[in-house]
Amino acid sequence: MCWTMESEAKDFIRQRIEKEQAEGQLPAGVVTRFPPEPNGYLHIGHAKSICLNFGVAQEFGGATFLRFDDTNPIKESEEFVRAIKKDVTWLGFQWNSLTHASDYFDALYGFAESLIKEGKAYVDSQSAEDIRNQRGSLTQAGQDSPYRGRSVADNLDLFRRMRLKEFADGEHVLRAKIDMASPNINLRDPVIYRIRHVPHQRTENRWCIYPMYDFTHCISDALEGISHSLCTLEFEDHRPLYDWFLDNVNVGAHPPQIEFSRLGLEYTVMSKRLLHRLVEEHWVDGWDDPRMPTIAGLRRRGVRPAAIRDFCARIGVTKQDNQVEMNLLDFCIRKDLEDNVRRGMGVLEPLKVTISNWPGPVAMMVGPWHGKNAELGERELPFSGSLYIEQADFAITPPKKWKRLSPGETVRLRYGFIIRCDDYVLDDEGQVVELKCSYVPTSRSGSDTSGIKPKGVIHWVSAAHGVPVEIRSYGRLFNGANPGADTFIDDINEDSLHISNGIVEPEIVNQADRHWQFERQGYFCKDEQMPGVFNKTVSLREGF
Ligand code: ATP
Ligand code: MG
């Protein structure tokens with residue numbers, strides 16, 4: 001399949017900014033933010049938002065905030081904060097300011113009091129369940145809370161005492177007083193503060209009341225002077241609320257909220273809540289398991305930042321929700337590695353070859369690290385009388401058009417000699433365990449005068465010099481292309497990890513490079529944590 005870049009036309013957000021800039025509507029420039037909640041690791045969906053927010057600011061000479069949306073202390077942790085910073089940096093972006101929603105807890109509290117004083121917020125003392133039951137439905141208006149008419153003085157007193165830790169979790173909430181009959185359910189007196197006696201990773205025990213997302217987010221945007229608050233489509237229905245808060249608190253700025261579609265990717269799940277379950281229930285080996293769609297998992301599998309940025313550029317930014325094919329991501333990964341990483345020889349399922357007429361000493365062969373990129377240099381390859389080739393490169397009775405080795409036939413060992421298979425050895429179970437071959441002394445690669453034209457070229461490693469390694473190949477994590485949020489556990493592919501004992505030419509281990517092509521086998525990457533383990537990043541071609 002051939003993927004071409006979408007036309008160079010700018011997406012609707014960039015077009016809008018271009019127009020605003022041309023019309024002089026952005027006196028303070030373009031300011032964006034990426035606002036993750038530190039309740040899990042970032043995934044490739046977040047990468048789309050990162051590339052958009054940082055990308056737009058870069059292109060228009062603006063600035064980007066990395067803002068941790070840390071208003072829910074129950075689920076958040078420092079580990080996630082560290083991982084998020086690492087991943088954003090690794091993707092190639094640098095924030096101009098690092099902030100936290102919790103930096104604004106005092107300011108937010110002040111704005112909440114001001115809403116109360118203006119009769120625009122009230123303390124509700126009903127249970128969460130009663131409040132939910134009174135919200136109504138799409139076809140039915142909500143019901144007023146019996147506490148909706150509380151006096152300003154009572155509301156203020158109760159809210160202050162909520163802050164002073166006089167009440168237990170759930171005893172009261174603060175609600176905005178908007179419209180219980182609004183066709184938009186988000187405007188039916190949403191909760192803006194709740195009591196949670198939980199220490200916060202940054203503010204520790206200072207607060208026992210925490211602001212809700214909708215209240216916090218718009219005010220944080222305004223306080224930071226964000227020029228374009230870019231979020232995903234599920235917040236479209238929250239936009240009237242975003243605007244209501246900014247119209248009703250005196251924060252002095254009113255950024256526009258602009259929605260774009262969420263990235264969905266086939267054969268995986270993309271919500272932190274679901275990814276959490278995969279980690280906690282040990283379906284995978286942590287957030288950075290190479291099968292995970294997390295940035296950390298992709299990195300560990302051997303994906304490089306340029307591939308992810310390219311992928312995000314190709315999927316574009318629209319208002320249509322879409323499910324992107326895994327093949328597109330694989331295409332981008334391959335494209336990034338193809339011309340830029342060294343190509344060495346690694347045998348994944350070794351079959352021993354003994355060269356009966358080999359005179360004894362080791363001969364050093366020479367081969368380029370990349371057939372089309374001379375800048376990557378060349379290396380020496382030890383050739384000896386005992387080698388390994390791939391089990392799959394030999395067949396006793398080959399099919400038609402076989403371009404590898406079979407009894408009586410010849411094959412070229414890449415950058416080495418031509419060999420002929422004279423005999424093979426079977427074990428008790430009838431498996432081929434060794435080949436007896438002879439080499440053609442005049443067939444050395446580069447100075448071949450033998451006149452023999454073998455049908456194929458295969459990779460190999462000298463047995464005495466090769467380094468044993470563990471090779472991990474990964475299948476899809478799910479059997480179905482669209483694992484459902486409720487049923488995804490049943491859809492897990494239990495056979496998604498394949499481990500084999502391979503052997504690679506010594507220079508692959510000696511060189512500092514992490515990323516490699518193993519000729520004819522695919523792209524592989526040295527594992528970040530386990531020495532001697534190579535993760536398969538992607539196959540050489542689609543469909544392998
Ligand atoms: P999740 O459900 O995975 O936790 P989230 O939207 O709750 O996602 P946040 O940490 O709140 O995660 O997201 C930070 C930013 O990343 C938000 O602006 C959000 O819109 C964006 N984002 C999250 N998932 C995607 C996605 N799949 N595609 C595009 N943007 C996304
Ligand atoms: Mg979230």
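Residue numbers run from 1 in the order of the sequence given. Remember, predicted model here, so these are calculated numbers, not experimental data. Just follow the structure's listing: the first ligand is 1, and inside any ligand the first atom is 1.
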For Asn535 and Asp527, the nearest pair of non-hydrogen atoms, with its separation, is ND2-OD1, 2.7 Å

Taking both backbone and side-chain atoms of Arg273, is any N or O found less than 3.5 Å from an N or O belonging to ligand 1?
no

Taking CG in Leu138 as the centre, count heavy atoms belonging to other residues, nucleotides or ligands within less than 6.0 Å. Is the count above 12?
no

Below the 3.5 angstrom mark, is there an N/O of His46, backbone or side chain, next to an N/O of ligand 1?
yes

In short, ring-ring contact (aromatic ring centres under 6.0 Å, His included) pairs touching residues 478-500 with sequence neighbours left out are none

Against heavy atoms of Pro35, which atoms of ligand 1 measure under 4.0 Å?
14 (C), 18 (O)

Phe34 heavy atoms within 4.0 Å reach ligand 1 at atoms 14 (C), 15 (C), 16 (O)

Between the side chains of Asp221 and Arg33, is the shortest nitrogen-to-carboxylate-oxygen separation below 4.0 Å, so that they form an ion pair?
yes

Below 3.5 angstrom, do we get any N/O pair linking Lys272 and ligand 1?
yes

For ligand 1, which atoms have a heavy atom of Glu37 less than 4.0 angstrom away?
9 (P), 10 (O), 11 (O)

Tell me, please, which residues at least two apart from Asp106 pass side-chain hydrogen bond (donor to acceptor under 3.5 Å, both in side chains).
Arg206

Ligand-side contact atoms (ligand 1) for residue partner Ser271, heavy atom cut-off under 4.0 Å
2 (O), 3 (O)

Can a salt bridge be assigned to the pair Arg148 and Asp189 using a cut-off of 4.0 Å between side-chain N and carboxylate O?
yes

N or O contact, Thr232 vs ligand 1, cut-off under 3.5 Å:
yes

Under 4.0 Å from a heavy atom of Pro36: give me the atoms of ligand 1 that qualify, with their elements.
10 (O), 14 (C)

